[in-house]
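This report concerns only the one structure given below.
Start at 1 and go down the list; that is how both ligands and their atoms are numbered.
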Amino acid sequence: MTTERTLVLVKPDGVQRGLAGEIITRLERTGLQIIGLKLMQVSEELASQHYGEHRDKPFYPGLVSFITSSPVIALVLEGPSAVSTTRKTMGATNPADSSPGTIRGDFGVDMGRNLIHGSANLEDAAREVSLFFDDSELTDYSRSTQQWIVE
Ligand code: DAT
Ligand code: MG
């Protein structure tokens, strides 16, 4: 089993709506381990680096203005299949298509207010983790419960 790291953002809508705790709880109880966490304001520059792949899309200006509009909570999660487990817990990009039981399906109704970001693949995860966190902000620690989470 390969251990992965992924970047999660509780987006401005999640923080403003008081859903950050609920969202983090759902991710935490999967068994993935939080190894970095901070509340931060995303700058225009960071937003353009983070969302560079969408630069030419019609929704890009709205996306950047939304992600920079109010603080986000950034997390790094680590564990087996961290990338896909996080994406599965989040639900589909458009909350209208997200299953009940997912974060976006339970708390969202609009694509432009979909509450959470999670890296799409391992390559994006490595890039995004280093965009949002210095190595010194990531903590390597072991949990006594780990043997009850991973065989
Ligand atoms: P995801 O966040 O699920 O990885 P993405 O990378 O395709 O989705 O897009 C990044 C964000 O941009 C997404 O969370 C919401 C917004 N977005 C994507 N497609 C959109 C669209 N067609 N209209 C409005 N916003 C969109
Ligand atoms: Mg994406």
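Considering backbone and side-chain N/O atoms, Tyr51 never comes within less than 3.5 Å of an N/O atom of ligand 1. At least one N or O atom of Thr93 sits closer than 3.5 Å to an N or O atom of ligand 1.
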Margin query: Under the criterion side chain to side chain contact (heavy atoms under 4.5 Å, CB included), I'd like the reasoning laid out for Thr6 against Val76: C-alpha separation, chi angles, the key distance, then a yes or no.
Written below: CA-CA 6 Å; Thr6 192; Val76 179; over 6 Å; no

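Other residues, nucleotides and ligands place no more than 12 heavy atoms under 6.0 Å from the CD atom of Glu45.
Close approach to Lys11 involves these atoms of ligand 1, each under 4.0 Å from a residue heavy atom: 14 (O). The Asn114 neighbourhood of ligand 1 comprises atoms 13 (C), 14 (O), 15 (C), with distances under 4.0 Å to a heavy atom of that residue.
Using a non-hydrogen distance threshold of 4.0 Å, Arg87 registers as a contact of ligand 1. Every heavy atom of Lys57 sits 4.0 Å or more from the atoms of ligand 1.
You'll find the side chain of Val72 stays beyond 4.5 Å of the side chain of His117, heavy atoms only.
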Pairs under 3.5 angstrom only: tabulate donor-acceptor contacts from the side chains of residues 49-63 to other protein residues two or more places apart or in another chain.
from, atom 1, to, atom 2, distance (Å)
His54, ND1, Lys57, NZ, 2.8

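Among protein heavy atoms, the minimum distance from atom 10 (C) of ligand 1 is reached at His54 NE2, 3.5 Å. Nearest to atom 22 (N) of ligand 1 among the protein's heavy atoms is Met111 CE, 3.6 Å. Shortest contact from atom 21 (C) of ligand 1 to any protein heavy atom: Phe59 CD2, 3.4 Å.
Using a 4.0 Å cut-off between a side-chain N of Lys or Arg and a carboxylate O of Asp or Glu, Arg127 and Glu123 do not qualify as a salt bridge.
A cation-pi contact links Lys38 to Phe133, judged by a cut-off of 6.0 Å to the six-membered ring centre and 45° from its axis.
Taking each of Leu9, Asp110, Leu63 in turn, the one with a heavy atom nearest to atom 11 (C) of ligand 1 proves to be Leu63.
Scanning all heavy atoms of the two residues, the minimum distance from Ile103 to Ile23 falls at CG2-CG1, 3.8 Å.
Contacts between Arg104 and ligand 1 below 4.0 angstrom, taking non-hydrogen atoms only, involve the side chain exclusively.
Atom OG of residue Ser84 and atom CD of residue Glu4 lie 6.0 Å apart, to the nearest 0.5 angstrom.
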